[in-house]
There are 2 protein chains.
Amino acid sequence: MEEITALLKQKGLKVTPQRLAILNFLMHTNEHPTAETIYKKLVSDFPTMSLATVYKTLEVLKNTGLVQELNVGEGSFRYDAKTTPHPHIVCLGCGKVEDLDESIFKDLLEEVKKHTDYKVVGQKLYFYGYCPACQKKMNN
Amino acid sequence: MEEITALLKQKGLKVTPQRLAILNFLMHTNEHPTAETIYKKLVSDFPTMSLATVYKTLEVLKNTGLVQELNVGEGSFRYDAKTTPHPHIVCLGCGKVEDLDESIFKDLLEEVKKHTDYKVVGQKLYFYGYCPACQKKMNN
DNA sequence: ATTGATGCAAATGATTTGCACCGTG
DNA sequence: CACGGTGCAAATCATTTGCATCAAT
């Protein structure tokens, strides 16, 4: 938990139990949770925590670059503590969201820069498909 | 307007003035409008049209594959009558959304398929940057 | 002691839904 | 004529905000 405390201080943020819990949770999961999901996971340990705090905290963490916000096309946002830009893949069967390796798209970025007169500063790459488990289910 | 009528019939949809207007508008714009924007553009010509109808119509058009839904990370969806999968680029200055040529990413798709055990069936690629006009504004 | 963070409840905003009426096929 | 489409208003759901209280620096 010390590294997380350090991260927050480094960004000039006050260190509170809620922030520690939220950032810690995000850094140790790969499920790309929504605010709601994070809240549900943490209320048991922090019974007074409110959903509003989760949203406010995520806003702050996003603005300081400690987490990134994903929008996979659902009604709500998901959050990811892996902040280097990397593509995601969404399972259309079970809805889970996984990471793809960043190396996959580094060439693409060059290509895009060559073909546009925009000054490109970011990107979001989402792929959709069926994970191995869901493929298996469909074949039965 | 006949081609649009034909498109709707071909999908087994009833042809109504509202549907014609919405699909026609989407097919002749490149601004990737939201439901709200579409509504505002059309109320003057169709004073009785309701926003709910726009949403319901977009739902139907999406399900029949006549339009695609974009989620650029704003609070709302945008719609695009160009239904072949292609990347989009969003201007962070003025918020406009433009198309990038599909050819840019065909290699990427192969790459992704090679590196994942998902059965890939779709993708959404968004780039973010500043359009030439906004770059100029920033330099002044 | 200050200043920013929390938590509740109320507000907002996009989208959806129920239902009576209307127009297309 | 039947059935799906429309339009209104009310409902829903994610997210945001106001504000009084509380805790970290």
Side-chain angles (χ1 to χ4, degrees), chain A residues 1-2 4-25 32-40 42-64 66-67 69-79 95, chain B residues 1-2 4-25 32-40 42-64 66-67 69-79 95:
Chain A
M1 224 58 171
E2 297 78 30
I4 302 192
T5 305
L7 270 176
L8 290 170
K9 285 195 171 157
Q10 188 180 318
K11 297 289 186 179
L13 301 174
K14 273 191 185 171
V15 178
T16 67
Q18 293 88 336
R19 285 182 177 177
L20 281 172
I22 291 170
L23 187 48
N24 180 59
F25 177 58
H32 306 84
T34 62
E36 185 75 31
T37 308
I38 296 169
Y39 173 70
K40 283 188 184 146
L42 298 179
V43 248
S44 41
D45 290 329
F46 300 82
T48 76
M49 161 129 34
S50 96
L51 188 50
T53 298
V54 176
Y55 277 109
K56 286 170 184 167
T57 301
L58 289 171
E59 172 77 15
V60 166
L61 295 178
K62 184 177 43 157
N63 291 339
T64 54
L66 289 173
V67 306
E69 194 175 61
L70 310 184
N71 196 324
V72 195
E74 301 160 318
S76 48
F77 290 105
R78 288 167 173 265
Y79 296 86
Chain B
M1 226 58 169
E2 296 79 29
I4 301 192
T5 304
L7 270 177
L8 290 171
K9 284 194 172 158
Q10 187 181 318
K11 297 290 185 179
L13 301 175
K14 273 192 186 172
V15 178
T16 66
Q18 293 87 337
R19 286 181 175 179
L20 281 172
I22 292 169
L23 187 49
N24 179 60
F25 176 59
H32 305 83
T34 62
E36 184 74 32
T37 308
I38 297 170
Y39 173 70
K40 283 188 184 147
L42 298 180
V43 246
S44 40
D45 291 328
F46 299 82
T48 77
M49 160 129 33
S50 96
L51 189 50
T53 297
V54 175
Y55 277 109
K56 286 170 185 168
T57 301
L58 288 171
E59 172 76 14
V60 166
L61 296 178
K62 185 178 38 160
N63 291 339
T64 54
L66 290 172
V67 307
E69 194 174 61
L70 311 184
N71 197 328
V72 195
E74 302 161 316
S76 49
F77 289 107
R78 289 169 173 263
Y79 295 88

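Just so it is clear: chains get the letters A, B, ... in the order the sequence lines come, proteins before strands, and each one is counted from 1. For the numbers below, each heavy atom of this structure counts, side chains included, while hydrogens, waters and symmetry mates do not. In this text the structure is predicted, and so the values were computed from the model without any measurement.
- Remark: Ser50(A) is not in phosphate contact with dT6(C), judged by side-chain N or O atoms under 4.0 Å from OP1 or OP2.
- Across all strands shown, Glu36(A) has no heavy atoms under 4.0 Å from either base or sugar-phosphate atoms.
- The phosphate of dT6(D) (OP1 or OP2) has a side-chain N or O of Thr16(B) nearer than 4.0 angstrom.
- For dG7(D), the base has a donor-acceptor partner in the side chain of Lys56(B) [N/O atoms by modelled type, under 3.5 angstrom].
- Whole-Å rounding puts the Lys11(A) NZ to dA5(C) P distance at 15 Å.
- Straight-line distance from the CG atom of Leu58(B) to the P atom of dT6(D): 11 Å, rounded to whole Å.
- Between Glu59(B) and Lys62(B) there is a salt bridge, since a side-chain N of the basic residue sits under 4.0 Å from a carboxylate O of the acidic one.
- Look at Tyr55(A) and you'll find a side-chain N or O under 4.0 angstrom from OP1 or OP2 of dT15(D).
- Of the inter-residue distances, the one linking Thr53(B) atom OG1 with Phe46(B) atom CZ reads 12.0 Å to the nearest 0.5 angstrom.
- Here the side chain of Lys14(A) is nearest to one of dG7(D), dG25(C), dT3(C), namely dT3(C).
- The interatomic distance linking Glu74(B) (CD) with dT16(D) (P) rounds to 14 Å, in whole Å.
- Between Pro17(B) and Thr34(B), it is Thr34(B) whose nearest contact on DNA chain C lies nearer the 5' terminus.
- Taking the side chain of Thr48(A) as heavy atoms from C-beta on, and the options dT15(C), dT6(C), dG7(C), the nearest nucleotide is dG7(C).
- The side-chain contact (heavy atoms from CB on, under 4.5 Å) with Leu23(A) is formed by just one residue from the set Thr57(A), Thr5(A), Leu8(A), Leu58(A); it is Leu8(A).
- Between Met49(A) atom CE and dA9(C) atom C1' there is a gap of 18 Å when expressed in whole angstrom units.
- When the options Val60(A), Ile22(A), Leu61(A) are evaluated for a side-chain contact (heavy atoms from CB on, under 4.5 Å) with Val67(A), the one that passes is Leu61(A).
- Between Leu13(A) atom CG and dA23(D) atom C1' the separation is 15 Å, expressed in whole Å.
- We find that CG of Leu23(A) is positioned 16 Å from C1' of dA5(C), with the value rounded to whole Å.
- Look at CG on Leu70(B): it is 12 Å from P on dT15(C), rounded to the nearest Å.
- For the pair Gln18(A) and dG7(C), the criterion of a side-chain N or O lying under 4.0 Å from OP1 or OP2 is met.
- Proximity note for Ala35(A) (side chain, C-beta onward) versus dC8(C), dT15(D), dT25(D): the nearest is dT15(D).
- Dashed line: the shortest gap from a side-chain N or O of Ser76(B) to OP1 or OP2 of dA14(C) is not under 4.0 Å.
- Between the CZ atom of Arg19(B) and the C1' atom of dG25(C) there is a distance of 13 Å, rounded to whole Å.
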Trace of the side chain to side chain contact (heavy atoms under 4.5 Å, CB included) decision for Tyr79(A) with Glu69(A): CA-CA 5 Å; Tyr79(A) 296 86; Glu69(A) 194 175 61; 3.1 Å; yes
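- Without hydrogens or angle criteria, Arg78(B) side chain to Leu70(B) main chain gives no donor-acceptor distance under 3.5 Å.
- Here dT15(C) is the nucleotide among dG5(D), dT15(C), dG7(D) with the atom lying nearest to any side-chain atom of Leu51(B).
- Comparing dT6(D), dG25(C), dG7(C) against the side chain of Val15(B) picks out dG25(C) as the nearest.
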